[in-house]
Structures are given as C-alpha cells and as structure tokens.
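To start, the structure under review is shown below, and the notes come after it.
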Amino acid sequence: MIEENQNNNEINDDIKSKQDIDTKSDHISPQGDQHRPRHDTTRRRENRPPQNRGQQNRQADTSNPNKRKVPTTGYGWDNDLIKAFAKNEEIQKNRLDPNSRIDLKSSGKIKITPLGGLGEIGGNMMIIETDKSAIIIDVGMSFPDDTMHGVDILIPDFTYLRSIRNKVSAILITHGHEDHIGAMAYLFKEMQFPVYGTSLPLEMISSKFDEHRIKEHKSYLRAIEKRRPIKIGDFEVEWMHITHSIIDCSALAIKTPAGTIIHTGDFKIDHTPMDGYPTDFHRLAYYGERGILALLSDSTNSHSAGFTKSERTVGPTFDRIFATAKGRVLMSTFSSNIHRVSQAIEHGLKYGRKICVIGRSMEKNLDIAIRLGYVKFPKDKFIDAHHVNKYKDSEILIVTTGSQGEPMSALFRMSVHEHRHIKIKPEDQIILSARAVPGNEASVSQIINHLQKAGASVAYQDFTDIHVSGHAGQEEQKLMIRMCKPKFFLPIHGEYNHALRHGKTGVSCGVEERNVYIMSDGEQIEISAKSLKKVKSIKTGKVYIDNQRNNKIANDVVIDRQTMANDGVVIIVAQINLNDRKLVAPAKITTFGLTSGKAQGYLIKELEDVLSHYLDNVKPGIMQNNKALEDELRKVIRKHCVRKFQKYPMIVPTLLVQ
C-alpha cells in the first residue's frame, strides 16, 4: 500500500512538471531542448547530474533580466530542417540546370548539317564541323517510292561534302543497318576518308567494298574500342554501347570546342538484350553530370507511349509456333537482325530441325556474325538449299529474306514458284517477323496473298509479340533526356511529325522550349555555349541508284520514266520539204498510254492535222534550226493533249528537213 502511494505521488509529480514545462515551451532554448523533463521516477530524477538540473532551472527562470533571449520561431531542429530544405532545393535546381555544368565563357562554335535522315525514314548522314575540321556520322541509304521507276535505292547528295572534303577528318559509324552504311561504297568511289566503328558494321562495309570492286579502300577502316575516347581532328569521340535491333550498336559522345554533343544513333532501352549487354547508362550519365551541350536523339517511335518491348519477348511466340508446326517452318525478317535470326535458329535446334539459310544478304550477315564471335551455332546443323528435300518437312527450318515483300527476295520467289530449290507447300508455316517499313505495306500484303494462295499458314499480325521494334518509345526517350540533361535538344531520325513529338517530350523533361530545334535536311545549325541558330541552307536531296548495276541514274531519266508512266508518250517521225513546208510523205505518229482502239486512230488523225497547221504557220527562221523546230512542235502537240486529255505526255518528235 505504501509502495502504491509512493508510485502515485511520483506520477503526479511528473504530470505537474510536464504542465510547468508546457506553459514555458515557447521560451526553451535550442540547447535546452535535449534536457526537457521526461516521465520518469523520482529516483531517476534524483540521480540526474547536478549540472543538468541547474541548466533546467536556469531555462525555467524567466525573472532574470540579464538572461540571453531565446528564438521564438520554434525548436532548433525546425531551423535545421528549413535550412536543409532550402539547400536541397538549390542542389536540385543546379543538378537539373545545364548551364551550371557548361562553360558559358567558351567562344567555341560548331556547325551541324544533316544531309539525310530528317523528314524521312532512312538515308541517315550528318556533318559536324568547326572552321578547320569536320566529321561525318553515318552514310546511309533509303528506299524509293512507287513513282521512282527502275530505282532500287536512294543515297544522299554529296554536293556539300565535296566543298569541304579537304577538312573532313573521318566518318563515324553508329551501327550496321543499311540506312546508316548503305551508301558508303558510292561515297568511296568518289571520296575516301578514315572510317571508325565497331567490328560488325566495319565488316559489313568491307563486304560492300568487295561487291563494288573497291577492295583497296578497306585500308581506311579503323576498329574502335568502346569507352575509349579517340582524338579525331578538332574532336574527341567515344563510342558507348546502346541497344537496338542489330548487334553492337553505339551512341557517340563528341567533345567539341563548344561543348559535348551526344548522338544516340538508333536506340531503345532493352534491359534484357539477347547478348546480355544492356545500354551503357553509366557513360551516358557520366557525360550528363559533366555537362552536355546538345543531345541528338532518335525520334522514330516518338508517338509510341510507354516502353518498347525487349527482344526476348519474341522467343515465347516463336516457341508456340514451332511447337505446333507440322511441316517446314520458314522465318523471314530483316537480314541485319541477327538476334532475331539467332532466336529462330535456337528454336529450330530445340525442336530438332536442320537450318537452311537462304538469301544473299541473310547468308552474308549471319556468316559475319558467326565469324566474329557474336553468335555461336554448330556448323553441322546447317544445310544447303539443294539438300532440303532430303529431310522430312518436320525437320526443316528455313531462314530467309523477303519480310518486306521485295520482288527479288528469296521468299517472294518461293511464293510464286520461281525459286530454284524451294517452293511453298500447303503444310508450310511462314513467320514474318518484321513490321512493314512505311511505304512497303502494299508489297507486304502482296507477298502474304501469294503465300496463302499457295496454301501455307502465315503468322504475321495474329501474334502481338512476333516482332518488336528496335526504336525507343516515349518513356525510353524521356530516360535518355533525363540522363543527358542537355542544354539544346535536336530530335533526329524520322519524319517531321516524329521529331516534332519528340521535341515536346524534351520540353516535358525540362529542356527549355526555345532550346529545342526541329531540323530538316540541308539546314545548317550553328551551336555555341550560349546559343543555337540556323545559319544557312545547303544543297541536298537524293541520288537515284540502279542497284543491279551499282550505277547512278540521272534525275531527268527518272522524271522521263514518271512522265511516261503517268501521262503516256507521243512519237512523231516526219520528213519536211524546206521550200514549201509540206510533208514529203505522211508522218508516222504513234501514241502510248493515251487512248486505245478506234480512239487512238482518231487521235493520230488529229495530230496529223496539228502538224500540218504548225508547218503552215511556223516562222521561216525556225525552219533553219532543226532542234528549235522540234522544240516548238513539242509545245504545240503537248498543248493539244492537255486540252483533250488533261495530260502532259512525253513528246518525241523526229523531223527531217530536206
């Protein structure tokens, strides 16, 4: 009982002490905060050191006029929190402010001139230059549209490059896709420069030099090591690993007199790539922390929300298709997508199939990848096309070209029964593991129709994961921008709407809107530490190539082909007497593509009348000049055709004046 009363007294004392302290809480100094009374026993308070009790008494004594005034804004740790918050706000702003990491006093300037790859898919080529030095990033090709009759590929116009050829230090290659290296052989037939890149794209370029019979130019190829900066002219360049839909891709860190530029090349952020080498975030972040003047980043998939799927997601789809296939499996994809090809081969081996690779580009690229050690497969599992019929259909996997419906590809020839060794059977399972490149939709649809008419099953749009893109979606683009934290942002690679959308993504990630510039081919941009501006436009465009003969096609030849295809042809052959301006014999007139049957006869009669009327009224001086006479007749005939047909046919007059 005595013990209980004693405990109650101690509790009451504690409550009273707390109430006393609470009434004076606004007058407790920060230093005294740690000595505030606690609920404790009397014995513990008696054991407290005398100086603590004295300190408590001194703080509680407000009657001493000489006592130091105590802050009334709150406890000391409140002030510390406010200071820490303000400091962290400053740190965050500095961390995201590119100007805090860029030398704004630098007087260096660089010029960036894209010759291809902007406002289009493919044909990538860009020049970065100072007053004394220049580098070229990629030299790619693109594909023609349906109006470019007889044209196989397009390459950039090298006119501007010719004017600065003496200060070009090197060509830098980001990766081995055709839209980045496909025009190299055509450039080297005219100009040669050192070429820096990783092993796979350089070997692909070497193979092109063999095809074009310029093997002697292989001496210009220079293999690089990633993460090792190289001094090239006025620049220092480092290749950094990045993931895409082809092996061994690189982004470029380019130190210039004006500051550091990051060129991403084509990329996506694949955390589980087939070769186990994800994007080198560490080096990108390294440069981001030290200050990036300008980021030039791939815009191709800028309208795609979220993340692009990993290449590995294709594997389970392949597995389901292979598991149910009863006959042969034919898989077609881009010949450069070695990881996709290797996945198909792995599943073919898993299900006990022999591998037959058909298509010149597919065979060449796979051979290069195996020879350089990028992929490894047992040689005894591969067979030639003429040995396919020696095995059961269920034991065969054919990997081939033709996913874009190219008329000369192996798969197309198989579908129309024109391939020498392979013809499509009703039991065949076809896998088209590629998305139609813009402009190729009709040809892809056509080859699917041919395959299905032959009775084969075609897996294309039925499976969502039968193909994944090699380009970054919006979230990956944001990650790239956030890692780099550039002052200036220049979206590249893709059509104008892709670059424009990418620019908006850049603004949402903290880039000032005035520091985002949507370039076009031929625009020359000057960048310094403080500004970005357009300085001029240079001549650019496309050169037409006949890939069968590896020759250029003149622009007027393509225009003539377009005219003949769209508006037809009128051919006139006539003999004219100079004295009386009359026809020596009836003119021979032939038309193509304007009319047919009886209407064609009526048209020829009309043109004969037009010719006679023209000769009656032609000026005497023109009769002395055969070329001028034909040019004037050409105009007269064309006017008649425009009035009658609203067409502008090609007029081919041959006038013999006697």
Side-chain angles (χ1 to χ4, degrees), residues 115-117 122-127 134-144 150-224 230 232-233 237 239 246-248 250 335-336 359-372 401 406 408 540-555 557:
L115 298 184
N124 299 287
M125 184 176 184
M126 179 175 288
I127 299 172
I135 53 176
I136 303 167
I137 300 177
D138 294 331
V139 186
M141 50 146 282
S142 55
F143 291 102
V151 178
D152 296 311
I153 65 172
L154 307 174
I155 64 173
D157 188 334
F158 302 140
T159 299
Y160 178 69
L161 189 57
R162 295 184 188 103
S163 67
I164 63 167
R165 63 187 300 173
N166 292 331
K167 71 174 187 178
V168 175
S169 300
I171 299 173
L172 317 180
I173 301 298
T174 60
H175 64 284
H177 273 149
E178 289 293 307
D179 60 333
H180 291 260
I181 66 169
M184 283 290 294
Y186 297 99
L187 174 62
F188 265 66
K189 288 178 180 179
E190 183 179 350
M191 296 171 272
Q192 299 83 42
F193 312 105
V195 183
Y196 293 85
T198 53
S199 299
L200 183 67
L202 290 188
E203 184 62 21
M204 289 179 168
I205 293 170
S206 173
S207 177
K208 290 182 179 298
F209 287 177
D210 290 341
E211 292 177 9
H212 287 258
R213 300 178 182 178
I214 51 174
K215 295 181 180 181
E216 65 276 11
H217 295 329
K218 290 183 180 182
S219 60
Y220 287 95
L221 304 181
R222 312 274 192 273
I224 60 90
I230 301 173
I232 302 175
V237 185
W239 278 254
I246 188 174
I247 291 172
D248 211 358
S250 304
S335 63
S336 58
R360 186 168 57 89
S361 60
M362 183 74 75
E363 295 175 34
K364 179 184 67 176
N365 290 338
L366 184 59
D367 178 68
I368 290 172
I370 292 175
R371 181 157 41 84
L372 294 178
T401 55
E406 305 95 318
M408 298 303 294
T540 187
K542 298 299 179 187
V543 175
Y544 306 113
I545 300 294
D546 179 350
N547 214 25
Q548 304 304 313
R549 299 189 302 160
N550 293 330
N551 286 336
K552 297 179 182 179
I553 305 173
N555 288 9
V557 172

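- Here H175 contributes atom NE2 and D248 contributes atom CG; the two are 11.5 Å apart, rounded to the nearest 0.5 Å.
- One finds the OG atom of S206 at 4.5 Å from the CD atom of E203 (value rounded to the nearest 0.5 Å).
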Q: Show the numbers, then the answer: is there a side-chain contact (heavy atoms from CB on, under 4.5 Å) between I171 and F188?
A: CA-CA 11 Å; I171 299 173; F188 265 66; 3.8 Å; yes
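- Atom OG of S199 and atom CE of M204 lie 11.5 Å apart (nearest 0.5 Å).
- Heavy-atom minimum distance, P194 versus Y196: CB-CE1, 3.9 Å.
- When atom types are taken as modelled, the side chain of D546 and the backbone of I553 share no donor-acceptor pair closer than 3.5 angstrom.
- Heavy atoms only, all atoms of each residue included: P156 and G140 are closest at CD-O, 3.1 Å.
- The CD1 atom of I135 sits 10.5 Å away from the CD1 atom of I127 when rounded to the nearest 0.5 Å.
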Q: Carefully, step by step, assess I224 and T198 under the rule side-chain contact (heavy atoms from CB on, under 4.5 Å).
A: CA-CA 6 Å; I224 60 90; T198 53; 3.7 Å; yes
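- Atom CE of M408 has 12 or fewer heavy atoms from other residues, nucleotides or ligands within 6.0 Å.
- For E216, there are no salt bridge (charged side-chain N to carboxylate O under 4.0 Å, His left out) partners, not counting sequence neighbours.
- A pairwise comparison of heavy atoms in A183 and I155 identifies CB-CG2, 3.6 Å as the closest pair.
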**Q.** L154 vs F143, side-chain contact (heavy atoms from CB on, under 4.5 Å): CA-CA, chis, key distance, verdict
**A.** CA-CA 6 Å; L154 307 174; F143 291 102; over 6 Å; no
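- With sequence neighbours excluded, the residues forming a side chain to side chain donor-acceptor pair (under 3.5 Å) with S335 are S361, N365, listed by chain and number.
- Pairing each heavy atom of D152 with each of P144, the nearest pair is O-CD, 3.2 Å.
- Sorted by first and then second residue, the salt bridge (Lys or Arg N to Asp or Glu O under 4.0 Å) pairs involving residues 169-189 (not counting sequence neighbours) are E178-K208.
- Under the rule for a salt bridge (charged side-chain N to carboxylate O under 4.0 Å, His left out), the partners of K167 that lie at least two apart in sequence or sit in another chain are E129.
- In this structure, T540 contributes its side chain and L115 its backbone to a donor-acceptor pair below 3.5 Å.
- The distance from the CG atom of L221 to the CD1 atom of I205 is 6.5 Å, given to the nearest 0.5 Å.
- A pairwise comparison of heavy atoms in L187 and F158 identifies CA-CE1, 3.7 Å as the closest pair.
- Here the shortest heavy-atom pairing between K218 and F209 reads N-CD1, 4.0 Å.
- The local environment of CZ in R371 is crowded, with over 12 non-hydrogen atoms from other residues, nucleotides or ligands closer than 6.0 Å.
- Checking I173, I181, L172 one by one against V195, the side-chain contact (heavy atoms from CB on, under 4.5 Å) holds for a single residue, I173.
- Here the side chains of K552 and I545 are in contact, with some heavy-atom distance below 4.5 Å.
- For E211, the salt bridge (charged side-chain N to carboxylate O under 4.0 Å, His left out) partners at least two apart in sequence or on another chain are R360, K364.
- Take D157 and apply the salt bridge (charged side-chain N to carboxylate O under 4.0 Å, His left out) test, not counting sequence neighbours, and it matches K539.
- Atom-to-atom distance recorded for I137:CD1 and M125:CE is 11.0 Å, nearest 0.5 angstrom.
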